[in-house]
Amino acid sequence: MNIADLQETLKRSSVKKLLAIFPHPDDESFCVGGLFQLAQKNNIFVSLITLTKGERGINSFGSGNLGKIREKELKKASKILGVDEVVLWNYPDVNLKNTQKKWSTKLKKEIMRINPDLVITFDHSGITGHPDHIVVSTEVLRILKDIKNPPLLFWRVPDDQEKNYFKKNSALKFASQPTHVLNFGFRETLEKLRSIYAHESQMKSFAFRIQILEWFLFDHKELYCKVDLNKKFDYQFVLVETKK
Ligand SMILES: [Zn+2]
């Protein structure tokens with residue numbers, strides 16, 4: 001299948017406002033750290049909605065209020081990536097699936113307020129299979145199907161490296177095929193790495209830091225799928241909602 005160049009597509013399109021929607025602080029840096037930088041370069045206004053403070057994640061500091069720590073980390077990472085507007089909510093981490101009714105209406109309103117031309121989130125595999133990732137993906141799709149003149153929807157889809165690392169994620173069978181690739185340079189890669197490392201509380205070990213380098217240092221790309229809003233997509237929640 002032919003994969004289009006996302007940067008070219010963005011340059012040619014009339015996209016002026018991009019909105020990324022993710023459940024946890026750090027999803028944005030790992031998943032769309034390249035895209036945010038290129039959007040900024042192309043004068044696209046970037047908004048980010050993060051639904052939880054990720055308070056049930058790892059706390060490599062061992063103490064302190066993790067929600068507050070991650071709030072600061074998200075702001076730092078967003079600054080590095082050139083995000084123009086960060087909307088951070090406080091819905092329960094690792095429990096978005098059961099609280100969907102509480103946040104879904106608000107999310108729709110917020111999408112309408114921001115009025116983006118392009119929305120980005122996970123595909124139905126959630127890449128890692130985290131239930132928060134999957135439910136945000138399915139809800140965003142449902143909301144956009146419901147909007148009269150909906151924005152474009154692009155899903156961040158897993159590449160081979162991610163598929164291999166998260167091979168235990170049985171929701172990978174619901175991963176979408178990429179339609180677009182975003183290639184970026186070494187400079188953007190270094191900034192992306194800097195934004196990932198800004199989430200210091202999540203750096204569980206030295207080995208994990210090295211793992212991140214191995215993932216991204218020489219792999220300057222992100223894969224996306226342009227979503228047909230008229231299509232139906234299968235999904236399934238595969239992981240137990242304990243810890244990440
Ligand atoms: Zn996440």
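Counting convention: from 1, in listed order, for ligands and their atoms alike. Numbers for residues simply follow the sequence, beginning at 1. No hydrogens, no waters, no symmetry mates; every other heavy atom, side chains included, goes into these values.
When the N, O or S atoms of Asp27 are ranked by distance to the Zn ion (ligand 1), OD1 comes first. Closest approach between the Zn ion (ligand 1) and any N/O/S atom of His24 involves ND1.
Considering all non-hydrogen atoms of both residues, Leu153 and Leu144 come closest at CB-CD1, 3.7 Å.
Taking the ring centroids of His124 and Tyr235, they lie under the 6.0 Å cut-off.
In the model, His24 has a side-chain atom that pairs as donor or acceptor with a side-chain atom of Asp93 under 3.5 Å.
Within the coordination shell of the Zn ion (ligand 1), defined by N, O or S atoms under 2.8 Å, His133 is present.
Applying the side chain to side chain donor-acceptor pair (under 3.5 Å) rule to Ser125 yields the partners Asp123; only residues at least two apart in sequence or on another chain are considered.
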